[in-house]
Amino acid sequence: MIADMSAVQAPQPIDPRALRRALGKFVTGVTVLTAVDRSGRRRGLTANSFTSVSLDPPLILVCIDRRTASYDVFVKTDEFAVNILAEDQIDLANRFASSGPDKFADVRIDPARPGPPILDSCPAWLSCRTVSREAVGDHMIVVGRVVEFSTTVRQPLAFCQGGYVSLAPDSIEAIGGSSERVVVSWLVECDGRIVLGKTDDGYDLPTAPWRRNRLDDEGLATAFRTLLGIDGDVQSLFSVFDDHERGVLTLVYRALGDGPPAPGPGLCMFDIDAIPWPDIHRPHLAETLGRYLSERATSHFGIYAGSLERGHVARVLPTANETPVQGGSS
């Protein structure tokens, strides 16, 4: 029987702004693509649409927006470079994302190296020869073969949800972002008991806004002491929750307290087998606590990253792999 095709509904139109928000959930690196036009002028643009295609042969691809001023150069050039930016090179990212008359003014490059400009102090760069081009939608896909590359130990810059993000293990933070959008929560164990905060809606982890102190050992120790009134051993990052609806990024650290927290509003301690699960109403919190207790039994802890509903756990030990989860459960 042939289906009645007239009954098939046309696909609903896509809201570009909503699609941009959805795509913004994917954390990317930040690159500056560089080339030399036929007049010998250096050209460059910022791009985060970059990915590896193949190791054998060594191929990468970049996507060039048709609206960019350098579009005509990159759809004609036979060679280009991909400069992967460091976390302290936001100024370069902004510069090459603009339409200034001379983006390379005062930018340090290696003048002795022929071909596409290589920016100084990048964590990595790749010099490529163009293999193919294909116009798709409002972009041009350019595939390049890597002919030369270099890497350093510098920390790369990341981009997520319209903002730059540091990925340094001791400094996971939104660079230049509002401190009101970042909070730090603590999964604290004291003498085998879990510390929870009493709220109007049940129990939650002890939480405080990020006060723009760096999230290194000293900064975390100070934040822990300020909130709980005791010293403690901050173990590691445990979860990163992106609450898109409220525009809040929550960083959860696990720690061992040196003793019971100082008397304060709402701080309570519970034995492991007496955690008030019915009064923990936020599903992602209950699943976070459940994952902690599970991983605590083996001392093999991971780091969850994702939304309140979905994400993945990156295992810290080299013998483990990333595990897909729902809402932070393992």
Side-chain angles (χ1 to χ4, degrees), residues 172-174 178-213 215 217-297 299 301-311 313 325-330:
I172 299 178
E173 59 189 63
S178 169
S179 61
E180 297 178 355
R181 294 184 56 211
V182 182
V183 298
V184 177
S185 293
W186 296 94
L187 211 167
V188 183
E189 183 174 338
C190 296
D191 297 326
R193 308 178 75 191
I194 301 296
V195 179
L196 296 177
K198 179 68 174 176
T199 71
D200 293 336
D201 187 30
Y203 288 97
D204 203 339
L205 297 179
T207 301
W210 172 55
R211 299 299 184 186
R212 286 201 171 277
N213 53 303
L215 299 176
D217 291 344
E218 182 179 354
L220 288 169
T222 299
F224 179 87
R225 189 183 309 112
T226 300
L227 181 62
L228 284 90
I230 56 173
D231 290 323
D233 180 12
V234 179
Q235 301 286 291
S236 70
L237 182 69
F238 190 70
S239 295
V240 180
F241 289 104
D242 180 9
D243 185 347
H244 177 69
E245 294 300 322
R246 294 193 302 146
V248 174
L249 182 71
T250 301
L251 309 178
V252 181
Y253 287 87
R254 60 185 183 88
L256 299 177
D258 288 348
L267 291 180
C268 307
M269 294 180 61
F270 296 93
D271 291 332
I272 296 297
D273 57 359
I275 293 176
W277 296 107
D279 294 322
I280 299 175
H281 302 304
R282 304 175 72 188
H284 76 280
L285 172 58
E287 291 173 357
T288 297
L289 279 170
R291 180 169 71 88
Y292 174 77
L293 296 181
S294 175
E295 296 179 357
R296 173 182 181 271
S299 297
F301 293 99
I303 301 176
Y304 169 86
S307 67
L308 299 185
E309 296 81 21
R310 182 184 294 272
V313 174
V325 298
Q326 298 287 331
S329 60
S330 56

For residues [X] and [Y], determine if any side-chain heavy atom of one lies less than 4.5 Å from a side-chain heavy atom of the other.
X	Y	answer
L220	W186	yes
F224	I230	yes
L196	P276	yes
I275	L293	yes

**Prompt:** Would a distance-only check, ignoring hydrogens and angles, find a side-chain to backbone donor-acceptor pair under 3.5 Å from T288 to H284?
**Reply:**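 Pair found, side chain donor or acceptor close to backbone of H284.
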
**Prompt:** Is a side-chain donor or acceptor of R193 paired with a backbone partner of P260 at a separation under 3.5 angstrom?
**Reply:**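 Not confirmed, R193 side chain does not pair with P260 backbone.
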
Return the minimal non-hydrogen interatomic distance between [X] and [Y], and the atom names on each side.
X	Y	result
I303	R291	N-NH1, 4.3 Å
V188	G257	CG1-N, 4.1 Å
I272	G192	CG1-O, 3.3 Å
E295	F301	OE1-CA, 3.3 Å
M269	P261	SD-CD, 3.5 Å
Y253	V234	CD2-CG1, 4.3 Å

**Prompt:** Which residue pairs pass the salt bridge (charged side-chain N to carboxylate O under 4.0 Å, His left out) test with at least one member in residues 252-261, sequence neighbours excluded?
**Reply:**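 Residue pairs passing salt bridge (charged side-chain N to carboxylate O under 4.0 Å, His left out), neighbours aside: none found.
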
Interatomic distance, [X] atom [atom1] to [Y] atom [atom2] [nearest 0.5 angstrom]:
X	Y	atom1	atom2	value
L205	R282	CG	CZ	8.5 Å
D279	F270	CG	CZ	8.0 Å
D191	L256	CG	CG	9.5 Å

**Request:** Would you please classify the geometry between the F238 ring and the Y292 ring as parallel, tilted or perpendicular, with 30° and 60° separating the classes?
**Result:**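 Rings of Y292 and F238: perpendicular, as their planes differ by over 60°.
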
**Message:** Holding to side chain to side chain donor-acceptor pair (under 3.5 Å), I want the full list of residues that pass it with D231, two or more places apart in sequence or in another chain.
**Reply:**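 D231 satisfies side chain to side chain donor-acceptor pair (under 3.5 Å) with R225 once adjacent residues are dropped.
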
